[in-house]
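The first residue in the sequence is number 1, and the count goes up from there.
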Amino acid sequence: MIGLVSIGLLIVLSTIIDIVWTTLWVEGGAGFITDKLCKVTWFVMTKITGKNRKVLRLAGPLLLISTLLMWVVLLWFGWFLVFSASPQAIMNSANPQAISWQNVIYYSGYTLFTLGLGDYSPGGPYWQLLTAIASGTGMLFFTFGASYIISIVGAVIDKRSFSSSISEIGKSSEEIVGAAWNGKDFSNIDLLLMNLSDNLSKVAIKHKAYPLLHYYHTSDKKKTMSLTIPTLDDALSILAYGTEEKAKPNPILLKKFRNCVKDYLDVLEETYMTKADKALALPDLTGLRKKGYPLVSDADFSKKMQHQKERRQQLLGFVLKDNWTAEDIEKLK
């Protein structure tokens, strides 16, 4: 008896910790069980489907549903073990026959889902207390589960809205740099950096708070952060290290936004991806130079970008983890 009760309560407690960890702890990311489920499911889907974007678009909703179902099954199974520990755990007031395991499953389920009906009742004060606790875990699941769904959907909208705002400015680093030029310098981008930096910080926090957000894939490149962020970062690298000093945008705003990008990449590396073995190739300045923009030489640009190797490894790792390639960045159009 004690063994089944202990195992069942251990499963219930582990599930509750995973639910609270995943839904409430902003700094903690996903709970251990949820984290393993997401990573294994994403790995299997990418291996089976390859680059089938239509299938990968289902990964996010599928993982959300799978996570909720996993919590239900674990709670249900845990309480089933608890109430299976003793023949006197539950009673049938209408039929005094022995309780079968099917009856225990039914009792555990309607108690968990707080239906509060049926011919079965707890067999004593001890089991009454456990029944009340089981009902409480059901209420906990439904409350936290509903709020988690709303939070995830809202975060997905924010994430794709942010990507769209970048691609609307330019679908390549060259276009973004060109849009920043006002005929004298690149200060046209100052207002953009001011607005987007705060938005990116919020997206980064939501990625850490809701790691399931990583797996919401889209086939629309203009709404894919794993492509728009590297594109924007290339443009900012050009503005920071590839332009002459007199033409640079506001250095404080530029530094702030680049730091926001780095923070976002650090969150991804902590919760989702690993940086690539090689760095993302440097953006080509040839097209911009032909348009007459005040740029430094390729040698100077390459030298100044040497200390950005780890950052560009993170960028490429982000692209690859999301099942894209470096060539897809160039084909954002």
Side-chain angles (χ1 to χ4, degrees), residues 10-11 13-75 77-78 141 144-145 147-149 151-156 158-160 163 203-219 223-227 229-230 263-278 280 310 313-326 328:
L10 179 61
I11 293 174
L13 180 60
S14 299
T15 306
I16 292 175
I17 291 175
D18 193 77
I19 293 174
V20 173
W21 191 320
T22 301
T23 59
L24 294 184
W25 193 9
V26 175
E27 296 296 325
F32 176 79
I33 304 174
T34 301
D35 183 61
K36 292 300 180 184
L37 173 68
C38 292
K39 289 181 178 178
V40 170
T41 304
W42 177 254
F43 176 80
V44 172
M45 289 190 68
T46 53
K47 290 299 181 182
I48 294 177
T49 64
K51 296 188 179 300
N52 190 327
R53 306 296 172 191
K54 293 182 178 180
V55 177
L56 290 178
R57 285 187 304 177
L58 301 176
L62 177 63
L63 279 171
L64 180 58
I65 294 173
S66 299
T67 299
L68 297 175
L69 287 177
M70 175 192 67
W71 288 339
V72 169
V73 170
L74 288 175
L75 288 174
F77 180 64
F141 163 75
F144 285 9
S147 64
Y148 191 61
I149 292 173
S151 299
I152 287 291
V153 173
V156 171
D158 291 341
K159 172 183 174 180
R160 293 183 178 172
S163 292
V203 171
I205 292 174
K206 289 179 179 179
H207 264 282
K208 191 165 186 176
Y210 313 115
L212 200 62
L213 188 59
H214 303 317
Y215 304 99
Y216 270 80
H217 192 85
T218 176
S219 57
K223 297 179 180 179
T224 303
M225 288 195 71
S226 56
L227 297 179
I229 287 293
D263 290 343
Y264 177 69
L265 294 173
D266 288 342
V267 167
L268 293 177
E269 187 172 4
E270 179 183 345
T271 60
Y272 175 59
M273 57 89 173
T274 56
K275 59 176 178 282
D277 294 331
K278 62 178 182 178
L280 187 66
E310 181 182 356
Q313 285 178 302
Q314 289 179 314
L315 288 168
L316 183 56
F318 184 22
V319 173
L320 298 177
K321 180 65 177 181
D322 213 27
N323 217 31
W324 298 94
T325 66
D328 289 313

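- A cation-pi geometry, defined here as NZ or CZ lying under 6.0 Å from the six-membered ring centre and within 45° of its normal, does not hold between Lys159 and Tyr216.
- To the nearest 0.5 Å, atom CG of residue Leu320 and atom CG of residue Leu315 are 11.0 Å apart.
- By the 4.5 Å heavy-atom criterion applied to side chains, Ile16 and Leu75 are counted as neighbours.
- Put simply, CG on Leu213 and OG on Ser151 are 11.0 Å apart, with the number rounded to the nearest 0.5 Å.
- Annotation: the span from Tyr148 atom OH to Leu24 atom CG amounts to 11.0 Å, rounded to 0.5 Å.
- Enclosure of atom CZ in Phe77 is not indicated, since only 12 or fewer non-hydrogen atoms of other residues, nucleotides or ligands lie within 6.0 angstrom.
- Between Leu68 and Gly145, the closest heavy-atom pair is CD2-CA, 4.1 Å.
- The OG1 atom of Thr67 sits 9.0 Å away from the CG atom of Leu62 when rounded to the nearest 0.5 Å.
- A pairwise comparison of heavy atoms in Cys38 and Leu63 identifies CA-CD2, 3.7 Å as the closest pair.
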Full working for side-chain contact (heavy atoms from CB on, under 4.5 Å) between Leu37 and Ser66 | CA-CA 8 Å; Leu37 173 68; Ser66 299; 4.2 Å; yes
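- Taking CG from Leu64 and OG1 from Thr34, the interatomic distance works out to 10.5 Å, rounded to the nearest 0.5 Å.
- Thr15 and Asp18 share no donor-acceptor pair across their side chains, judged by distance under 3.5 Å alone.
- Looking at every heavy atom in both residues, Trp324 comes nearest to Ser219 through CH2-O, 4.1 Å.
- Side chains of Leu280 and Val319 form no contact here, defined as non-hydrogen atoms less than 4.5 Å apart.
- Looking at Ile33 and Leu74, their side chains come closer than 4.5 Å, going by heavy atoms from C-beta outward.
- At least one donor-acceptor pair under 3.5 Å links the side chain of Thr46 to the backbone N or O of Phe43.
- Under a 3.5 Å cut-off, the side chain of Lys223 and the backbone N or O of Thr218 do not form any donor-acceptor pair.
- Contact check for Thr271 versus His207: no side-chain heavy atoms found under the 4.5 Å cut-off.
- Closest heavy-atom contact between Ala155 and Tyr210: CB-CD1, 4.4 Å.
- Judged by distance alone, the side chain of Ser226 and the main-chain N or O of Phe318 form no donor-acceptor pair under 3.5 Å.
- Annotation: side chain of Thr224 is not in contact with side chain of Ser163 (no heavy-atom distance under 4.5 Å).
- In this structure, Tyr215 and Tyr272 have perpendicular ring planes: the angle between them is above 60°, well past the 30° mark.
- Proximity of a side-chain donor or acceptor of Glu269 to a complementary backbone N or O of Thr274 within less than 3.5 Å is not detected.
- With a 4.5 Å cut-off on side-chain heavy atoms, Gln314 and Leu268 do not count as touching.
- In this structure, CG on Asp322 lies 10.5 Å from CE on Met273, to the nearest 0.5 angstrom.
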